Novice: 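Once you've had a glance at the structure underneath, I'll fire off some questions.
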Amino acid sequence: MPKNNLKELYVDELRDIYDAEKQLIKALPEMAKAATSEELRSGFEEHLEQTKEHARRLEQIFSELGEKPTGKKCKAMQGLVAEGSEMIDDDFEGEVKDAGLISAAQRVEHYEIAAYGTVRNFASVLGEQNAVSLLEKTLNEEKETDEKLTELSDGINSEAASYESEEEETERPTSHSKAKAARSSR
Ligand code: FE
Ligand code: FE
């Protein structure tokens with residue numbers, strides 16, 4: 001059977017992003033655990049709660065459509081989560097690791113922003129008003145998360161940059177712990 005209507009594509013893409021959210025619900029606690037910065041950790045934890053709500057909103061949209069949310073694997077999110085895991089397992093430390101975690105997380109948010117922007121527009125042209133407002137709420141939360149990560153990265157990136165130069169300048173074995181102590185006393 002040929003699939004030739006936008007509604008089918010809409011449902012397909014909703015299933016894709018639903019699977020993406022489910023993958024993230026599993027991945028975000030690991031990202032939080034790997035974070036050094038308390039703010040970054042609580043940012044991931046906060047976004048985990050939002051992500052659960054994103055999945056619930058999609059379930060509501062599916063139930064209004066009389067469709068099942070399952071049946072699709074989001075391959076893009078599998079790749080993004082795999083890259084996040086690579087960063088978690090990598091030997092980078094402290095703020096440098098945090099900068100890498102932010103990098104992975106922002107790729108995820110940008111993917112979600114693209115996906116939600118598209119399904120929101122599909123819902124709009126299909127006249128699914130309730131879905132439009134639910135999808136828009138999620139879209140805005142993804143954008144806010146991305147902006148928060150950018151703000152966090154400001155401080156974390158400069159910490160990460162100074163960490164490296166401190167280590168290069170002083171070749172004494174104690175430089176690492178001194179730098180750490182100096183930072184935490186600020
Ligand atoms: Fe989400
Ligand atoms: Fe998100």
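Only a predicted model underlies this, so the values are computations on that prediction, with no experimental measurement involved.
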Novice: Looking only at heavy atoms, which two atoms of Ile156 and Ala99 are closest? And how far apart?
Specialist: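 So the minimum-distance heavy-atom pair works out to CG2-N, 3.8 Å.
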
Novice: If hydrophobic clusters are built from ILVMFWY residues whose side chains come within less than 4.5 Å, do Tyr111 and Val119 share one?
Specialist: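 Cluster IDs for Tyr111 and Val119 differ.
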
Novice: On a heavy-atom basis, which atom in Gly117 and which in Leu139 lie closest, and how many Å separate them?
Specialist: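 Closest pair (atom of Gly117, atom of Leu139, distance): N-CD1, 3.9 Å.
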
Novice: Enter the distance from Glu39:CD to Asp98:CG here, rounded to the nearest 0.5 Å.
Specialist: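 Answer rounded to 0.5 Å: 10.5 Å.
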
Novice: Could you tell me if the side chain of Arg56 sits less than 4.5 Å from the side chain of Lys52, heavy atoms only?
Specialist: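 With C-beta onward as the side chain, the pair touches.
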
Novice: Side chains of Glu67 and Arg15, heavy atoms from C-beta outward: is any pair under 4.5 Å?
Specialist: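 They are in side-chain contact.
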
Novice: Find the distance between CG (Asp154) and CD1 (Ile102) and round it off to the nearest 0.5 Å.
Specialist: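 It is 9.5 Å, given to the nearest 0.5 Å.
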
Novice: I'd like to know if the side chain of Glu59 pairs up with that of Tyr18 as donor and acceptor (distance under 3.5 Å, no hydrogens or angles considered).
Specialist: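 The answer is yes; a qualifying pair exists.
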
Novice: Charged N to carboxylate O under 4.0 angstrom, Lys73 versus Asp19?
Specialist: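 A salt bridge is present here (some side-chain N lies under 4.0 Å from a carboxylate O).
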
Novice: Are Phe122 and Leu65 joined in one hydrophobic group, where the rule is that I, L, V, M, F, W and Y side chains link up if heavy atoms are under 4.5 Å apart?
Specialist: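 Phe122 clusters together with Leu65.
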
Novice: Less than 3.5 Å apart, any donor N or O on the side chain of Gln106 or Thr150 sitting next to an acceptor on the other?
Specialist: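 Per modelled atom types, Gln106 and Thr150 side chains form a pair under 3.5 Å.
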
Novice: Under 4.5 Å between any side-chain heavy atoms of Ile61 and Tyr10, yes or no?
Specialist: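 Yes, their side chains come closer than 4.5 Å.
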
Novice: Please report the interatomic distance OG(Ser42) to NE2(His47), rounded to the nearest 0.5 Å.
Specialist: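 One gets 13.5 Å once the value is rounded to the nearest 0.5 Å.
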
Novice: Is the backbone N or O of Ile88 less than 3.5 Å from a side-chain atom of Lys97, with the two atoms forming a donor-acceptor pair by type?
Specialist: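 Side chain of Lys97 to backbone of Ile88: a pair is present.
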
Novice: How many angstroms lie between CD in Glu21 and CZ in Arg57, if you round to the nearest 0.5 Å?
Specialist: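 With rounding to 0.5 Å, CD (Glu21) is 9.5 Å from CZ (Arg57).
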
Novice: Taking the basic N atoms (NZ, or NE/NH1/NH2) and the acidic carboxylate oxygens, is any pair closer than 4.0 Å for Lys3 and Glu8?
Specialist: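 Salt bridge flag = no for Glu8 with Lys3.
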
Novice: Work out which heavy atom in Ala32 is nearest to a heavy atom in Glu45; give both atom names and the distance.
Specialist: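 Where Ala32 meets Glu45 most closely, the heavy atoms are CB-CG, 4.0 Å.
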
Novice: Could you tell me whether Phe62 atom CZ has more than 12 heavy atoms of other residues or ligands within 6.0 Å of it?
Specialist: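 Buried by this count: over 12 neighbours within 6.0 Å.
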
Novice: To check you understand the geometry: which heavy-atom pair defines the closest contact between Val81 and Gln23, and what is its length?
Specialist: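 Scanning both residues completely, I find the closest heavy atoms to be CG2-OE1, 4.4 Å.
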
Novice: Just so I know, are the side chains of Pro69 and Leu58 near enough to count as touching, which here means a heavy-atom distance under 4.5 Å?
Specialist: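 No. Closest side-chain heavy atoms not under 4.5 Å.
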
Novice: Will you find, in the side chains of Glu144 and Asn140, an N or O donor that is under 3.5 Å from an N or O acceptor?
Specialist: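 Absent: no donor and acceptor within the cut-off.
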
Novice: Counting only N and O atoms by type, is there a donor-acceptor contact under 3.5 Å from the side chain of Ser124 to the main-chain atoms of Arg120?
Specialist: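 No, Ser124 side chain to Arg120 backbone: no donor-acceptor pair under 3.5 Å.
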
Novice: According to a 4.5 Å side-chain heavy-atom criterion applied to Ile, Leu, Val, Met, Phe, Trp and Tyr, with indirect links allowed, do Val132 and Ile113 form part of one hydrophobic cluster?
Specialist: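 Shared cluster, no.
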
Novice: Answer yes or no: is there a side-chain heavy-atom contact under 4.5 Å between Phe44 and Leu101?
Specialist: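 Result yes, sub-4.5 Å side-chain heavy-atom pair found.
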
Novice: Could you see if Met77 belongs to whatever hydrophobic cluster contains Ile17? Use Ile, Leu, Val, Met, Phe, Trp, Tyr and a side-chain cutoff under 4.5 Å.
Specialist: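 Met77 does not cluster with Ile17.
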
Novice: Taking side-chain contact (heavy atoms from CB on, under 4.5 Å) as the criterion, tell me which of Glu109, Lys75, His110, Arg107 meets it with Leu80.
Specialist: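 Only match with Leu80 under side-chain contact (heavy atoms from CB on, under 4.5 Å): Arg107.
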
Novice: Is it true that Lys148 and Glu151 make a salt bridge, defined as a side-chain N closer than 4.0 Å to a carboxylate O?
Specialist: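 Result for this pair is no, no salt bridge flagged.
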
Novice: Do Glu53 and Thr138 come close enough that some side-chain heavy atom pair is under 4.5 Å?
Specialist: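 No, every pair of side-chain atoms sits at 4.5 Å or beyond.
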
Novice: Is any side-chain heavy atom of Glu112 less than 4.5 Å from a side-chain heavy atom of Leu24?
Specialist: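 A side-chain contact under 4.5 Å exists here.
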
Novice: Charged N to carboxylate O below 4.0 Å: is that the case for Glu128 and Lys7?
Specialist: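 Result for this pair is yes, salt bridge flagged.
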
Novice: Hey, any chance Tyr116 and Val11 share a hydrophobic cluster, counting ILVMFWY side chains that come within less than 4.5 Å of each other, even indirectly?
Specialist: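 Yes, one cluster joins them.
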
Novice: First locate atom CG of Asn130, then atom CD of Glu64, and finally report the distance between them rounded to the nearest 0.5 Å.
Specialist: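 One finds 4.5 Å between CG of Asn130 and CD of Glu64.
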
Novice: Side chains of Glu46 and Gln50: any donor to acceptor distance under 3.5 Å?
Specialist: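 The answer is no; no qualifying pair exists.
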
Novice: Once you round to the nearest 0.5 Å, how far does SG of Cys74 lie from CG of Asp16?
Specialist: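 One finds 4.0 Å between SG of Cys74 and CG of Asp16.
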
Novice: Check Gly84 against Ala104 and note the closest heavy-atom contact, atom names and distance.
Specialist: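 Smallest interatomic distance, heavy atoms only, reads CA-CB, 4.0 Å.
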
Novice: Check whether any side-chain heavy atom of Leu14 lies under 4.5 Å from a side-chain heavy atom of Leu135, and answer yes or no.
Specialist: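 Leu14 reaches Leu135 side chain to side chain.
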
Novice: If the threshold is 4.0 Å, N to carboxylate O, is there a salt bridge linking Lys137 and Glu142?
Specialist: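 Judged by the 4.0 Å cut-off on N to carboxylate O distance, Lys137 and Glu142 do not form a salt bridge.
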
